[in-house]
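Written below as structure tokens is the structure these notes are about.
In what follows, every heavy atom counts, from backbone to side chain, and hydrogens, waters and symmetry copies are set aside.
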Amino acid sequence: MATESPLIRDHRAPHTSVNPSSQSMPPKRILFLINTLGTGGWERDVAMICRHIDQARYLPEVWTLRPGGENEPLVREAGITVRSLERRRAGDPIFGLRVARALAQTDFDLWHAFLPAILYYAAFARTLHRQRAPLVYSEGTIGLSNPWRAPFFRWAIRRQCTVFTANSQSSRAFLVSQGIPSEKIAIIPNGHEFDRFRAPLDRQGLRSSLGISPLERLVITVGRLTATKRFCDLIEAIGRLQPRYPHLRLAIVGDGEDRTLLEEQVRALKLQAVVQFLGTRRDVPELLRSSDLFAFASEMEGLPNAVIEASLASLPIVGSNIGGVREVVEDGRSATLVPVRDPAALALAMESYLDDVALARRHGEAARQRAEQLFAVENTIQRLYEVYEQVFSPRA
């Protein structure tokens with residue numbers, strides 16, 4: 001690598017876990033570009049890839065816009081270097097120029113960007129410095145969080161990206177709507193490790209730590225507390241169920257800008273003794289396995305990791321009838337799906353599982369079997385190799 005830009009802070013891992021290989025060729029050097037390594041779908045996926053990729057074949061390095069995050073230690077433990085670009089605010093042109101220069105000075109064989117914010121810097125670097133390293137872009141949503149950036153996004157993906165991946169059919173359709181030919185988009189579902197969903201668990205001990213008695217039924221949901229996740233609908237549904245199910249409890253795992261509004265809603269409905277906000281947790285698999293029912297009211301998803309993990313925990317699932325959720329579970333076989341923004345339908349679907357334990361157990365087991373078949377991390381890594389081989393092939 002050429003001289004580093006002074007704005008990059010190096011978080012080098014204490015060791016490099018490249019295993020000996022019979023291959024005579026040195027590994028291809030891959031630059032992963034991600035906003036942070038904190039809480040989030042792509043952040044989790046990048047860490048998962050770093051833990052399982054064959055470093056004798058492809059040797060990654062991760063650059064982030066901001067340092068820290070719960071997934072950064074996992075990446076460094078895999079022997080992979082993490083570098084922070086130390087962005088202080090979005091839209092700083094001087095910072096953009098410095099990042100473009102830093103990227104242009106690298107000699108990576110391939111760049112792989114996972115979110116639009118950092119994709120823009122990579123596209124700018126390729127334009128300004130005529131950097132020709134292939135650029136792969138991975139999409140995991142069905143829309144932009146900042147629609148006013150749509151023209152820049154379309155320019156970046158149409159003019160600067162080499163190959164695309166999407167984690168679902170819904171995300172692929174979004175890229176197609178932005179002008180990307182479908183044949184250039186490979187679908188690579190999010191990969192998951194199964195160990196924590198099979199390990200021994202003190203279920204009652206964890207429930208007790210949350211104040212949940214053996215007689216109470218625990219509904220759990222996981223996600224960032226934002227408007228599109230529609231936690232407000234789930235809270236209203238719990239309020240509708242409370243008179244009939246006085247021992248029902250709801251645990252909300254995650255944090256975000258809407259937390260204050262949701263806490264106000266809970267107080268207004270007098271559900272303070274029913275609803276718990278657990279914030280960001282590192283024991284989500286264990287929390288899921290200690291619960292009785294998973295509910296997911298989101299109105300916009302690419303491929304929701306929360307629903308995949310609930311499936312791996314063998315939970316009966318009540319979810320929104322949207323594209324991303326339908327790619328994880330099957331309505332009527334491994335879940336019950338309801339229209340978005342419909343608290344009454346949410347309540348009715350949860351009621352069916354609360355009243356029929358056998359149905360809940362049957363759907364939970366079907367969900368687990370389907371998730372283990374579709375979302376094994378080994379499948380994800382193999383499909384990623386296929387994309388990289390396509391990029392590096394002589395014909396490409």
query = Think K28 forms a cation-pi with F392, using NZ or CZ under 6.0 Å from the six-ring centre and within 45 degrees of its axis?
reply = yes
inquiry  = Using side chain to side chain contact (heavy atoms under 4.5 Å, CB included), reason through T221 and K229 one step at a time and then give a plain yes or no.
reply    = CA-CA 10 Å; T221 188; K229 298 293 186 179; over 6 Å; no
message = Does atom CZ (R203) have a neighbourhood of more than 12 heavy atoms from anything else shown, all under 6.0 Å?
response = yes
query = Strictly by modelled atom types, are T64 and T36 linked by a side-chain donor-acceptor pair under 3.5 Å?
reply = no
query = Does CD belonging to Q272 count more than 12 external heavy atoms closer than 6.0 Å?
reply = yes
query = Going by distance alone, is a donor N or O of one side chain under 3.5 Å from an acceptor N or O of the other, for H112 and Y388?
reply = yes
key: is_close_aromatic(Y137, F114), centroid dist under 6.0 Å   = no
ask   = Below 4.0 angstrom, N of the basic side chain to O of the carboxylate: do R207 and E216 qualify?
value = no
inquiry  = Ignoring hydrogens, what is the shortest heavy-atom contact between R51 and A78? Give both atom names and the distance.
reply    = CA-CB, 4.2 Å
ask   = Are R76 and E72 within salt-bridge range, i.e. N to O under 4.0 Å?
value = yes
query = Between the side chains of H129 and Q105, does any donor sit under 3.5 Å from an acceptor?
reply = no
ask   = Heavy-atom count around R132 CZ within 6.0 Å, excluding the residue itself: above 12?
value = yes
